[in-house]
Amino acid sequence: MNPLPARLIVVTNRLQARAPLIETLRAIVAAGGRWIWLRDKDLPREERAMLALAILDILRPVGGTLSIGGDAALAEETGAGGLHLSRAEEVGAARALLGTAALIGVSAHRPDEVRAARDAGADYATLSPIFASASKPGYGPALGLEAITEAVRHGLPVVALAGITPERAALCRNAGAAGVAVMGELMRDTRPGPLVRALLASQMPP
């Protein structure tokens with residue numbers, strides 16, 4: 001199992017961004033963000049590849065990690081090093097393509113799906129929606145902190161997603177989460193640096 005590179009995953013969504021996405025990501029990395037998950041799955045593949053390479057140019061000087069959402073071939077092509085999948089069943093083929101060093105995560109929406117991700121050989125799972133969020137309206141009611149505590153019993157690092165604020169990030173860490181993932185609040189912030197620093201600081205041990 002590969003260790004997580006950071007306690008904060010920044011999830012991209014250029015449609016929510018109120019500034020150019022690359023400009024927003026530069027500010028996030030300058031503030032200490034070190035792990036970006038490229039979603040934006042609606043982009044044509046060539047444009048998505050160019051965006052991935054541009055993000056890697058920002059991350060590599062600081063030793064950051066890029067995870068590509070849902071496209072193992074694109075992760076291999078760009079040398080991203082990370083991949084995030086929607087289903088545990090996809091992990092085996094992705095691992096065969098990318099190798100043991102690749103950081104592979106899976107989206108989970110119930111604690112038992114974290115167990116399935118572990119059994120499939122994933123390195124971590126995101127669990128959502130922990131709190132109500134406009135970005136995650138289609139996945140049912142908020143799971144709450146108890147779901148994190150239940151999920152981590154399966155022995156796989158769990159990253160809490162949806163409705164995360166600095167205060168809630170601390171609660172998630174206390175419940176056992178290995179980190180948090182944030183999309184909308186960071187994408188919509190034209191000056192995301194203070195929020196990034198707050199999200200990181202709130203997860204530091206006392």
Side-chain angles (χ1 to χ4, degrees), residues 1-12 28 32-39 59 62-70 72 75 80-96 98-131 133 135-136 139 142-183 186 196 199-206:
M1 186 184 300
N2 294 306
L4 300 190
R7 291 179 174 174
L8 172 64
I9 308 178
V10 175
V11 188
T12 71
I28 287 168
R34 294 295 182 265
W35 187 3
I36 295 173
W37 166 6
L38 173 59
R39 291 187 85 248
L59 286 170
V62 298
T65 298
L66 174 63
S67 291
I68 302 290
L83 177 70
H84 194 92
L85 298 168
S86 59
R87 299 187 304 120
E89 293 82 359
E90 301 170 326
V91 172
R95 184 69 73 191
L98 299 175
T100 57
L103 181 73
I104 298 179
V106 172
S107 293
H109 305 291
R110 301 191 312 269
D112 64 295
E113 292 179 346
V114 173
R115 181 181 64 235
R118 178 204 65 194
D119 293 346
D123 296 302
Y124 69 95
T126 56
L127 183 63
S128 69
I130 300 302
F131 302 100
S133 168
S135 299
K136 285 276 185 180
Y139 292 98
L143 297 172
L145 296 169
E146 299 82 2
I148 298 173
T149 303
E150 181 181 348
V152 299
R153 293 184 182 130
H154 296 303
L156 189 71
V158 171
V159 176
L161 172 61
I164 304 298
T165 63
E167 295 76 16
R168 287 172 169 178
L171 295 174
C172 291
R173 286 285 293 174
N174 290 338
V180 299
V182 179
M183 181 173 68
L186 285 170
V196 170
L199 286 162
L200 293 171
S202 68
Q203 297 183 78
M204 297 298 291

Any donor-acceptor N/O pair, [X] side chain to [Y] backbone, under 3.5 Å:
X	Y	result
R7	A178	no
R118	G155	no
S128	L161	no
R173	V180	no

What pairs with [X] under side chain to side chain donor-acceptor pair (under 3.5 Å), at least two apart in sequence or on another chain?
X	result
T165	E167
E113	R110
N2	D123

Rounded at 0.5 Å granularity, tell me how far [atom1] in [X] sits from [atom2] in [Y].
X	Y	atom1	atom2	result
I36	L8	CD1	CG	9.5 Å
L83	L38	CG	CG	11.0 Å
M183	T12	CE	OG1	8.5 Å
L200	M204	CG	CE	8.5 Å

Report the relative orientation of the aromatic rings in Y124 and W35; use parallel for angles under 30°, tilted for 30 to 60°, perpendicular for over 60°.
perpendicular
Exercise: identify the closest heavy-atom pair between G82 and A75:
O-CB, 3.8 Å
